[in-house]
Visitor: 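Please find one structure pasted underneath; my questions will follow.
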Amino acid sequence: MNSKQELRRLIRASHPLTKLCRHPRLADAHTVLLYSALPDEVPTQPLLSRLATEGKTVLLPRVVNDTDMELRRYTGLQDLEQGAFGIMEPTGELFTDYDDIDVAVLPGMAFDREGHRLGRGKGYYDRFLTQLPHTYKIGICFPFQLVDHVPVDAHDILMNEVIC
């Protein structure tokens, strides 16, 4: 490193969100499932806004009861309100054309290189992802969240790829 400017560029380029923004699957996608980040998750707000202004269909999950979530369209910050578990949830139009979802970007407490995901323990994503068998699933995390091994249960849904 010869300068602070070079170091800043390197750090920005290695951020998981930067890597995700450059992902060809995301670039080619028409419909993307994202998440509204909690403080300990990779922040997605800049990407939500960018994809929506690019004309992509952006979806966010909304918890509807103790076991299930639904998807709603995101078109801007005005579509969000605080929901279950303190998560900013969408209020937009309900989306049920699950076969149209090209890419799902998912948070987790931890991931391993084989694509196993450790969630928060409620199973919302694992139950929901059974409805998206053909969607390309990308787990996104900070480097410290990538571990050697995530314990696996029969109902856990594998990621196609993990970006950290």
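Every heavy atom of this structure was used, including side-chain atoms; hydrogens, water molecules and symmetry mates were not. Model, not experiment: these values are computed from the prediction.
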Visitor: Is the number of heavy atoms from other residues, nucleotides or ligands under 6.0 Å of Asp66 CG greater than 12?
Guide: no
Visitor: Can you find a pair of side-chain heavy atoms, one from Asp79 and one from Arg73, that are under 4.5 Å apart?
Guide: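 With C-beta onward as the side chain, the pair stays apart.
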Visitor: Leu38, Phe111: one ILVMFWY side-chain cluster at the under-4.5 Å cut-off?
Guide: yes
Visitor: For residues Met159 and Ile138, report the shortest heavy-atom separation together with the two atoms involved.
Guide: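 Smallest heavy-atom distance, with atoms named: SD-C, 4.2 Å.
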Visitor: For the residue pair Ala37 and Pro43, what are the closest heavy atoms and their distance?
Guide: CB-CA, 3.7 Å
Visitor: Under a 4.0 Å N-O cut-off, is there an ion pair linking Asp40 with Arg120?
Guide: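 Salt bridge: yes.
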Visitor: State, to 0.1 Å, how close Thr135 and Asn160 come at their nearest heavy-atom pair, and which atoms those are.
Guide: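 What the structure gives for the nearest pair is O-OD1, 3.7 Å.
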Visitor: Atom OG1 in Thr130, atom OH in Tyr125: separation rounded to 0.5 Å?
Guide: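 Answer for the OG1-OH pair, Thr130 versus Tyr125, is 14.0 Å.
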Visitor: Walk me through it: do Leu17 and Ile163 pass the test side-chain contact (heavy atoms from CB on, under 4.5 Å)?
Guide: CA-CA 9 Å; Leu17 195 57; Ile163 294 175; over 6 Å; no
Visitor: Applying a strict under-4.5 Å side-chain criterion to I, L, V, M, F, W and Y, I'd like to know whether Ile87 and Leu118 cluster together.
Guide: no
Visitor: Scan side-chain atoms only and decide if Glu114 and His149 contain a donor-acceptor pair under the 3.5 Å cut-off.
Guide: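 Not at all, the side chains of Glu114 and His149 share no donor-acceptor pair under 3.5 Å.
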Visitor: Is the backbone of Val32 close enough, under 3.5 Å, to the side chain of Lys56 for a donor and an acceptor to pair up by distance?
Guide: no
Visitor: If you count every heavy atom of other residues, nucleotides or ligands that lies below 6.0 Å from His134 atom NE2, does the total exceed 12?
Guide: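 Counting neighbours around NE2 of His134, 12 or fewer heavy atoms of other residues, nucleotides or ligands fall under 6.0 Å, so no.
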Visitor: Taking side chain to side chain donor-acceptor pair (under 3.5 Å) as the definition, give me every residue that meets it alongside Thr67, ordered by chain and number, with sequence neighbours left out.
Guide: Asn65
Visitor: Is there side-chain contact between Thr57 and Leu59, with heavy atoms separated by less than 4.5 Å?
Guide: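 Answer yes - side chains close enough.
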Visitor: Salt bridge or not between Arg62 and Glu81? Use side-chain N to carboxylate O under 4.0 Å.
Guide: yes
Visitor: Can you find a pair of side-chain heavy atoms, one from Leu26 and one from Leu20, that are under 4.5 Å apart?
Guide: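 Leu26 vs Leu20: side chains touch.
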Visitor: To the closest 0.5 Å, what do you measure between CZ (Arg117) and CD1 (Ile157)?
Guide: 10.0 Å
Visitor: Side-chain contact, heavy-atom cut-off 4.5 Å: Thr91 with Leu80?
Guide: no
Visitor: Would you name the heavy atoms of Leu47 and Cys21 that are closest together and state the gap between them?
Guide: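 Nearest pair, atom of Leu47 first, then Cys21: CD1-SG, 3.7 Å.
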Visitor: Got a second to check how far Leu60's CG is from Tyr35's OH, nearest 0.5 Å?
Guide: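 Rounded to the nearest 0.5 Å, the CG-OH separation comes out at 11.0 Å.
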Visitor: For Ala110 and Val147, work out which heavy atoms get closest and say how close.
Guide: CB-CG2, 4.2 Å
Visitor: Nearest 0.5 Å, please: how far is CG in Asp102 from CG in Asp28?
Guide: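 So the gap between those two atoms works out to 9.0 Å.
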Visitor: Can you check whether Phe95 reaches Glu70 side chain to side chain, under 4.5 Å on heavy atoms?
Guide: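 Contact flag for Phe95/Glu70 side chains = no.
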Visitor: Show your reasoning for whether side-chain contact (heavy atoms from CB on, under 4.5 Å) applies to Glu89 and Ser36.
Guide: CA-CA 7 Å; Glu89 293 185 332; Ser36 185; over 6 Å; no
Visitor: Is there a side-chain contact between Leu132 and Leu33 (heavy atoms, below 4.5 Å)?
Guide: yes
Visitor: Check the pair Gln45 / Met88 against side-chain contact (heavy atoms from CB on, under 4.5 Å), numbers first and verdict last.
Guide: CA-CA 11 Å; Gln45 189 55 49; Met88 294 304 289; over 6 Å; no
Visitor: Using side-chain contact (heavy atoms from CB on, under 4.5 Å) as the criterion, list what pairs up with Gln145, not counting sequence neighbours.
Guide: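 Testing Gln145 for side-chain contact (heavy atoms from CB on, under 4.5 Å), a comparison that skips the adjacent residues, returns Cys141, Phe142.
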Visitor: Rounded to the nearest 0.5 Å, how far apart are OG1 of Thr31 and CD1 of Ile101?
Guide: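 Rounded to the nearest 0.5 Å, the OG1-CD1 separation comes out at 7.0 Å.
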Visitor: Of the non-hydrogen atoms in Thr75 and Ala52, which two are nearest, and what is the gap between them?
Guide: O-CB, 4.4 Å
Visitor: Nearest 0.5 angstrom please: Leu106 CG to Leu129 CG, how far?
Guide: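 CG of Leu129 is found 5.5 Å from CG of Leu106.
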Visitor: Using the side-chain contact (heavy atoms from CB on, under 4.5 Å) rule, take Leu51 and Tyr74 through it: C-alpha gap first, then chi angles, then the decisive distance, then the call.
Guide: CA-CA 10 Å; Leu51 294 177; Tyr74 170 86; over 6 Å; no
Visitor: Going hydrophobic residue to hydrophobic residue with side-chain gaps under 4.5 angstrom, can you get from Phe144 over to Ile140?
Guide: yes
Visitor: May I ask you to decide if the ring planes of Tyr98 and Phe128 are parallel, tilted or perpendicular, using 30° and 60° as cut-offs?
Guide: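 Rings of Tyr98 and Phe128: perpendicular, over 60°.
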Visitor: Is any side-chain heavy atom of Glu161 closer than 4.5 Å to a side-chain heavy atom of His23?
Guide: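 Yes, close enough: below the 4.5 Å cut-off.
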Visitor: A cation-pi test, strictly: NZ or CZ of Arg127 under 6.0 Å from the centre of the six-membered ring of Tyr124 and no more than 45 degrees from its axis. Yes or no?
Guide: yes
